[in-house]
Undergrad: 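I'd like to ask you about the structure that follows.
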Amino acid sequence: MVRRPMCLLCLLLIAGIWLGDWTGLVPVRNAPANPYAAQMADQEQAVIYGRIYQYQYSENSIGICLRDVFSNPQFSGNSIISLERTIVYMQEECSLPLGTWVQVKGKFQEIEGPRNPGEFDSRLYYRVKKIYYRMKGQELTVYKKDTWHLQEGLRQIRESLVHSVQEAAPDQAGILCAMTAGEKSLLGQEEKNLLSAGAVSHMVSISGMHVSLLGMMVFYGLLRLGAGLLPSSGVSAGMMILYGMMTGESVSAMRALGMFGLAVAAKAVGRSYDLLSALSLSVMILLLDNPVCLYYSGFLLSCGCICGVGLVLPRLEEMLPLKQIQQRVLKKLVQTCMMGIAVQAAALPLSVWFFYEIPMYGIFVNLLVVPTLTVVLVSGLLGAAAGLWQVWAGRIVLFPGCLLTEYYQFLCKFVKNLPGAVVTAGRPGLWQIVLYYGILILALYLGKRLSVHPADKQSPVSAGKKTAARLSGAAVFLLFWCAGVWLLCIHPGRNLEITCLDVGQGDGAVICTPQGGCYLVDGGSSNRQNVGQYQILPFLKSKGISCVDGVFISHTDEDHVSGLAEIFQMIGDGQTSLDIQYLVMPRLKEPDVKQQELAALAEKAGAGVAYLQAGDCVRGRDIRWEVLSPLAAGQSGDVNENSLVLLLEKDGFRGLFTGDIGEQQERKLDAVLPDCDFLKTAHHGSRYSTGEQFLARVLPEIAFVSASGTNTYGHPHPDTLRRLEKNGCRVFLTKDSGAVTLEVRDRSVAVGGFAQESRVWTK
């Protein structure tokens, strides 16, 4: 640190930001919003004014990013209230020049954080972009005409390049446009999953790798053309700044841009360049501009990879000195392998923390992909430019890039089908990450010590002994590193956990047992799309769950099955590594159409299908399920009344899951209803369920109610809540607390809400 004071200053800044946020003295992640924003969110239609500075395209809408936003003067008593940046979602196409002032009417609200463990943090993502609010735009009009000519010109160039690639190479446009122009809206979900399985998702983001490759290529290209050191440095730095602005100014690209600028500046003035000091200065500039970057995955992973190159790689090179390798090809291969291992070793815990999975063959895939990225970037950019002149010219120049992207996809498909391609590690604890880095440091130390033969500095030794010493050092390093990777994947000492996910207006419960069992009870929503992909699967991954023992469907209404149907479809199509053993549904006289469709999806996904009724039992590894309803196949055609009612039993603890049954069915079950510790309230807390007689029989101590805060049904009904409280039951609502988790510890119970982070202990 004495030799690198910039690194010390950077660490002190990071520690200060973290301590200020942790103590609440200087909140970063949960910085308070503008007090007027909450009042605006209560309005049916708010009016804001702002200046367009960016567009974000998606499949169903267009996001218009506004800066210099202020509210309608009439709202605050004829005084203008300044607001932070806002993203406005419009259904209709909009292509006003950047810099145009617009007036927008619509529903205004603060961007919310995740409501479930493992869920993508939209609030953090947008706060990194300094966007705090969003609006569902209903009407947009031009308030004042103005244009930022430079930014608008770059946007037009980007859109022209994207359109050119779409025309010249439609089949590979998604990957090529993402790699060269930062336009990800053309990437399909299947392509994203495929690249993620091969651990090459970074290549479709405008990251530090892209900026470094292109920047150095321009810099050395200008030098070879005789432009001179100073002009080459200035022109290449300027071009990279414009490229970063054109492609969206991602945090990792801005970090790389800062380091690239320092590198070429050092060359221009004849000074030495230190990788870690340059990283530290770039990080400090980014954090001082926006401290929330400290918690962002793209920022941390980008910095972690550079730390791997700056800290781990030199130690690996000491174990296997490259100077002694005579063959040029072999030397390059060994150097590439060591760099891949160094980057993975440094960034792996961060990757597992944010994405919960370890692509086991990722290092090998990257060794085959990274050396060819320059070809794809050059082919993509030049091909897009050529396509602006003639489509056929674009096709010719894009051919190498298309060929390589086909190769990437083939490689990822091949790797994806290998045994153990993806290990679902779950989110590790902080202690696991600290211990991992401790093991990594020890591995590097021991590997270096063992790789140096004791006689190396005293007298010559045979080449065979030197090779053996270095191989033993490398072997020890790999052995210790593998132990560290294993450490990230373990999940010690779990208790029985029941989690009611916040899926909006719907139901979805996950039950995890101490011996590693996992069961789902329902999983769907009527007001959220893709809850399987965006809520249920991320939760399972964050818990390290790769196999579900059983999925229970209470009944086939959309708000109970939509997410599970989506997951079965994804498993069948090979888009997720999750394994589901059985699908269980209520036995009816004749299975309805939705049951048949679900059964077909489950069978395609390799899951068994069972139909149960009252009296049936399911025994898991350390848990017992008893079916209380439907009483007999062929009762009334009301799908709610035919719901599967389940009793969970584990070491004296009892939990009751009641689907959507009403008071009529509750009365029919009166004779078999047991005294329970936990109740999953029926029908989202409907007024016509969870009656007095039912509660008097069940006597639950804790009840969960799954309902959306914006539902139009009035769920949960105040009468139902009063009945529960009257019977001494503690009630937790997903609409208030987000996902709610009950944890059984011996004979005590802990209940926590994810959004409110509150815990209530009961006996």
Undergrad: Counting only heavy atoms not in Lys107, do more than 12 sit closer than 6.0 Å to its NZ atom?
TA: yes

Undergrad: Regarding Asp121 and Arg127, does a basic nitrogen lie under 4.0 Å from an acidic carboxylate oxygen?
TA: no

Undergrad: Is the number of heavy atoms from other residues, nucleotides or ligands within 6.0 Å of CD (Glu92) greater than 12?
TA: no

Undergrad: Check this for me: Tyr273, atom OH, are more than 12 non-hydrogen atoms of other residues, nucleotides or ligands nearer than 6.0 Å?
TA: yes

Undergrad: Does any non-hydrogen side-chain atom of Val28 lie less than 4.5 Å from one of Leu294?
TA: no

Undergrad: Which residues pass the ring-ring contact (aromatic ring centres under 6.0 Å, His included) test with Phe120, not counting sequence neighbours?
TA: Tyr125

Undergrad: What is the distance from atom SG of Cys307 to atom CG of Leu279, rounded to the nearest 0.5 Å?
TA: 5.5 Å

Undergrad: Rounded to the nearest 0.5 Å, what separation is found between the CZ atom of Phe754 and the CG atom of Asn116?
TA: 7.5 Å

Undergrad: Around atom CE of Met216, are there more than 12 heavy atoms of other residues, nucleotides or ligands at under 6.0 Å?
TA: yes

Undergrad: Could you measure the distance from the CZ atom of Arg51 to the CG atom of Leu96? Nearest 0.5 Å is fine.
TA: 13.0 Å

Undergrad: Would Arg155 and Glu183 pass as an ion pair if we require N to O under 4.0 Å?
TA: no

Undergrad: Please check: side-chain N/O of Glu566 versus main-chain N/O of Gly532, any donor-acceptor pairing under 3.5 Å?
TA: yes

Undergrad: Is there a side chain to side chain contact (heavy atoms under 4.5 Å, CB included) between Asn290 and Phe299 once you walk through the steps?
TA: CA-CA 11 Å; Asn290 191 1; Phe299 173 80; over 6 Å; no

Undergrad: Please tell me whether Asn30 and Arg123 have a donor and an acceptor in their side chains that are separated by less than 3.5 angstrom.
TA: yes

Undergrad: Val26: which residues meet the side chain to side chain contact (heavy atoms under 4.5 Å, CB included) condition with it, sequence neighbours left out?
TA: none

Undergrad: Spell out, as yes or no, whether a donor-acceptor pair under 3.5 Å connects the side chain of Ser351 to the backbone of Ala347.
TA: no

Undergrad: Do Val369 and Leu404 have side chains that get closer than 4.5 Å, going by heavy atoms?
TA: no

Undergrad: For Ala384, does its backbone N or O pair with a side-chain atom of Ser164 as donor and acceptor, under 3.5 Å?
TA: yes

Undergrad: Let me confirm one number: the CE-CG distance from Met179 to Leu373, rounded to the nearest 0.5 Å.
TA: 4.5 Å

Undergrad: Distance-only, no hydrogens or angles: does the Asp274 side chain make a donor-acceptor pair with backbone N or O of Ser277 under 3.5 Å?
TA: yes

Undergrad: Between Leu368 and Tyr407, does the side chain to side chain contact (heavy atoms under 4.5 Å, CB included) criterion hold? Intermediate values first, please.
TA: CA-CA 10 Å; Leu368 298 173; Tyr407 159 68; 3.2 Å; yes

Undergrad: Enumerate, atom names and distances included, each donor-acceptor pair closer than 3.5 Å involving a side-chain atom of residues 166-175, sequence neighbours excluded.
TA:
| from | atom 1 | to | atom 2 | distance (Å) |
| --- | --- | --- | --- | --- |
| Gln172 | OE1 | Thr405 | OG1 | 3.0 |
| Gln172 | OE1 | Gln409 | NE2 | 2.8 |
| Gln172 | NE2 | Glu406 | OE2 | 2.8 |

Undergrad: Ser233: what forms a side chain to side chain contact (heavy atoms under 4.5 Å, CB included) with it, not counting sequence neighbours?
TA: Phe219, Val264, Ala268

Undergrad: With the side chain counted from C-beta on, respond yes when Arg85 and Cys65 share a heavy-atom pair under 4.5 Å apart, and no when they do not.
TA: no

Undergrad: What pairs with Lys144 under side chain to side chain contact (heavy atoms under 4.5 Å, CB included), at least two apart in sequence or on another chain?
TA: Trp101

Undergrad: Locate the shortest heavy-atom distance separating Val251 from Leu286; write the atom from each residue and the value.
TA: O-CD1, 4.0 Å

Undergrad: Suppose we screen for side chain to side chain contact (heavy atoms under 4.5 Å, CB included). Which residues come up paired with Phe108, at least two apart in sequence or across chains?
TA: Ala37, Met40, Ala46, Ile48, Leu83, Thr86, Tyr133, Met135

Undergrad: So do the side chains of Gln535 and Arg528 get within less than 4.5 Å of each other, counting heavy atoms only?
TA: yes

Undergrad: Return the CH2 to CG distance between Trp18 and Asp21, rounded to the nearest 0.5 Å.
TA: 9.5 Å

